[in-house]
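Let me begin by presenting the structure, written as structure tokens, before commenting on it.
Chain naming here is simple, since letters A, B, ... match the order of the sequence lines and numbering starts at 1 in each. Everything numeric in this text was worked out from a predicted model, so none of it was measured.
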Amino acid sequence: MLERGYIYKGSYAGWYCRSDEAYLTSTQIEDRIGPDGTLVKVSSESGHPVELVEEENYMFKLGALVPDVRRWVETSNVIWPPNRKAEILNMLDSKLPDLSISRPRRKLQWGIPVPHDPEQTIYVWVDALTNYLTAQGFPTQGAPTHPMLHVIGKDIVKFHCVYWPAFLLAAGLELPQQVLVHGHWTMDGRKYSLRPPLVCPALQPTALPIHAIVALDPMSKSLGNVVDPVQLLDQADGVPDLVRYYLLKESRLDTDGDFSYRRLNAVTKELADTVGNLLSRISNQRVNSALEFPGLSVDDAPPPSPCQELITLGSSVAEEVRACYDRHDFGAGIEALLPLARRCNALINELEPWKLARDDSPAAQATLKSLLGGAFESLRVTAALLYPVTPALSLALIHRLGCDEQDLQCLTPAVPTTARELRVDKQPLIPRVDFGPPAQTDTRA
RNA sequence: GGCGGCGUAGCUCAGCUGGUCAGAGCGGGGAUCUCAUAAGUCCCAGGUCGGAGGUUCGAGUCCUCCCGCCGCCA
């Protein structure tokens with residue numbers, strides 16, 4: 001960046017708030033009467049006193065790169081969801097001042113020193129954002145070869161959608177392919193704030209980090225207003241993926257999600273009742289005496305057969321779910337995959353396999369086999385479609401079907417040709433869990 | 001203060017360029033099977049599409065104003 005002429009040494013003169021470690025413009029401060037009766041200038045946001053400072057900083061020529069950043073932002077699908085794009089363009093329209101990227105060493109000892117100038121410390125976005133590259137071995141191992149996709153919270157949009165691409169442009173590096181911005185969580189419709197992000201060990205390694213949801217309102221700082229994700233996972237009866245399932249099903253990208261135990265229970269029980277229960281319905285000896293995921297020959301599944309119907313439905317479901325996932329709409333994707341299991345349940349009601357099992361006629365046996373084959377294949381596809389959402393649960397399901405991890409890779413259904421022995425387990429695959437707040441409940445009503 | 005968005009069945013929301021657009025899911029109500037995890041399946045929503053004007057042969061769907069929300073920036 002230095003070599004390409006985007007960094008210069010400048011002097012800053014203005015208001016500085018020591019306790020907030022923030023430089024403020026004249027519109028961000030106001031007069032107040034101090035304890036000793038004198039007039040003091042304070043930050044209008046924090047109320048902390050400010051002082052007039054003049055100091056040297058390294059500056060980044062942000063303004064010069066705004067047109068290029070804008071071109072990138074305008075590229076279709078680079079900023080997702082679309083409602084964030086307008087906000088960022090709006091930011092770019094307001095005259096962005098050049099960025100101060102260092103502080104005098106005496107004010108800031110703990111940071112990374114500016115190369116060749118020990119009197120200055122890099123602060124703060126240049127060193128922070130560069131981690132995206134250095135963590136992947138840059139520059140010693142060259143620039144990353146795969147495209148970058150950032151998944152970020154809405155609170156750091158400016159840094160990732162304005163500063164970061166500007167830094168990359170200045171350094172002559174490739175820009176991210178996409179920045180995916182998600183919202184925060186509220187609870188019971190009230191404003192909450194994210195507290196120290198914590199990554200849940202139980203969800204590793206394919207986990208999304210989730211955050212404690214904490215009340216903002218100082219009047220309601222009682223225990224009941226905090227949702228501890230670790231505690232939720234502990235309640236999940238050995239299936240922490242239920243929490244992931246809920247979080248992904250009920251949150252939207254374009255706005256904040258509202259957490260509620262009521263919905264958490266409703267949504268996860270719905271999964272247990274449609275998908276989990278479906279497995280139980282066809283994995284018992286009254287219906288499936290061989291306890292197998294049957295393989296079918298062409299003769300077993302002539303065109304108007306249960307298996308064919310489910311395969312046709314499964315194909316269109318898979319296509320739709322995939323389209324939803326491609327636009328990162330997991331809620332819609334999950335909503336779109338459930339009808340496959342629902343149709344299996346309906347067919348079971350309709351064909352009454354428990355009766356077919358007692359009927360020795362070839363027709364009855366063929367129908368039964370086709371139904372079971374189609375239903376198991378549908379469960380296999382459901383597991384595959386749920387894999388990004390509930391990885392561990394999908395593996396458990398596929399295992400019970402007598403399949404292995406490879407079978408999660410194929411998203412489209414096909415007539416099963418080889419029989420597999422089920423791995424039957426008396427324990428329900430998906431428990432019906434009653435999540436709830438901790439015992440010491442909030443007494444405020 | 002500036003920019004943008006929203007206000008559609010109890011709740012969460014779909015409704016692209018105006019004429020099957022009055023819908024889905026959940027909740028709620030009713031019916032029914034019994035293989036299954038007190039699980040399944042089926043039927044039932046008559047809501048003046050925030051309010052008032054306007055454009056049009058015709059407007060949740062376009063324009064203006066008003067009311068009420070929200071987001072981002074300052």
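In the displayed structure, A:Arg70 atom CZ is contacted under 6.0 Å by more than 12 heavy atoms of other residues, nucleotides or ligands. Atom CD of A:Gln365 has more than 12 heavy atoms from other residues, nucleotides or ligands within 6.0 Å. A 6.0 Å sphere centred on CD of A:Glu51 holds more than 12 heavy atoms belonging to other residues, nucleotides or ligands.
Here A:Asn90 lies in heavy-atom contact (under 4.0 Å) with a base. A:Leu278 comes within 4.0 angstrom of nothing in the nucleic acid, heavy atoms only. Contacts of A:Ile282 with the nucleic acid, taken as non-hydrogen atoms under 4.0 Å apart, are absent. Residue A:Arg286 is in sugar-phosphate contact alone, with no base atom involved, counting any heavy-atom pair closer than 4.0 Å across all strands shown. Across all strands, A:Glu270 comes closer than 4.0 Å only to sugar-phosphate atoms, never to a base (heavy-atom distances). Nucleic acid contact class of A:Ala266 (heavy atoms, under 4.0 Å, all strands): none.
Remark: P of B:rU41 and CZ of A:Arg343 are 11 Å apart, rounded to the nearest angstrom. Rounded to an integer number of Å, the gap from A:Glu352 CD to B:rG40 P is 18 Å. One interatomic measurement links the two molecules: CG of A:Leu89 to C1' of B:rG71, which rounds to 15 Å at whole-angstrom precision. Rounding to whole angstrom units, CE of residue A:Met91 and P of B:rG71 are separated by 15 Å. Counting to the nearest Å, the C1' atom of B:rU12 and the CD1 atom of A:Ile334 are 15 Å from each other. Atoms CH2 (A:Trp354) and P (B:rC35) sit 7 Å apart, rounded to a whole Å. Residue A:Tyr163 contributes atom OH, which lies 11 Å from atom P of B:rC73 at whole-angstrom precision. Atom pair A:Asp254:CG and B:rC6:C1' shows a separation of 11 Å (rounding to whole Å applied).
With hydrogens and angles ignored, a donor-acceptor pair under 3.5 angstrom links the side chain of A:Asn349 to the base of B:rG40. Contact of A:Arg281 with B:rC35 (side chain to base): a donor-acceptor pair of N or O atoms is detected under 3.5 Å. No N or O donor and acceptor, one from the side chain of A:Asp273 and one from the base of B:rA39, sit under 3.5 Å apart.
When both pairing distances are held under 3.5 Å, B:rC35 makes no Watson-Crick or G-U pair with any nucleotide shown. Applying the Watson-Crick and G-U wobble criteria (two distances, each under 3.5 Å), B:rU56 pairs with nothing in any strand. As the counterpart of B:rA9, no nucleotide is assigned, since no Watson-Crick or G-U wobble pattern has both distances under 3.5 Å. In this entry B:rG71 has B:rC3 as its Watson-Crick or G-U wobble partner, both defining distances falling under 3.5 Å.
When the side-chain nitrogen and oxygen atoms of A:Arg342 are compared with OP1 and OP2 of B:rA39, none of them lie within a distance under 4.0 Å. Side-chain nitrogen and oxygen atoms of A:Arg84 include none within less than 4.0 Å of the OP1 or OP2 phosphate oxygen of B:rC72. Taking 4.0 angstrom as the limit, A:Lys158 places a side-chain polar atom (N or O) nearer than this to OP1 or OP2 of B:rA74.
The same atom, P, is picked in B:rG53 and in B:rC16; the two are 25 Å apart, to the nearest Å. For the P atoms, the distance from B:rC66 to B:rG2 is 13 Å, rounded to whole Å. Distance noted for atom C1' between B:rG40 and B:rG46: 29 Å (whole Å). Taking atom C1' on both nucleotides, B:rC49 is separated from B:rG23 by 11 Å, rounded to a whole Å. Rounded to the nearest Å, the gap between the C1' atom of B:rA38 and that of B:rC43 is 22 Å. With both ends at atom C1', the span from B:rC42 to B:rG47 equals 24 Å, rounded to whole Å. Look at the C1' atom in both B:rU61 and B:rG7: the space between them is 15 Å, to the nearest Å. Comparing B:rG19 with B:rC57, their P atoms sit 16 Å apart, to the nearest whole Å.
A:Arg281 and A:Asn288 form no side-chain donor-acceptor contact under 3.5 Å, judged by distance and modelled atom types alone. Checked by atom type, the side-chain pair A:Ser100/A:Asn57 shows a donor-acceptor distance below 3.5 Å.
Each of A:Lys426 and A:Ile88 was matched to the nucleotide of RNA chain B holding its nearest heavy atom; the match closer to the 5' end belongs to A:Lys426. Place A:Val287 and A:Arg263 on RNA chain B by their nearest nucleotides, and A:Arg263 ends up nearer the 5' end.
Contact record, A:Phe60 with A:Leu65: CZ-CD1, 3.5 Å, taken as the closest heavy-atom pair.
Candidate nucleotides B:rU34, B:rU37, B:rC72 were compared by shortest atom distance to the side chain of A:Lys154, and B:rC72 ranks first.
Taking the centre of each ring, A:Phe259 and A:Tyr246 come in below the 6.0 Å mark. Ring pair A:Tyr58/A:Tyr8: centre-to-centre distance not below 6.0 Å.
An anti orientation is assigned to B:rG5, its glycosidic angle lying beyond 90° of 0.
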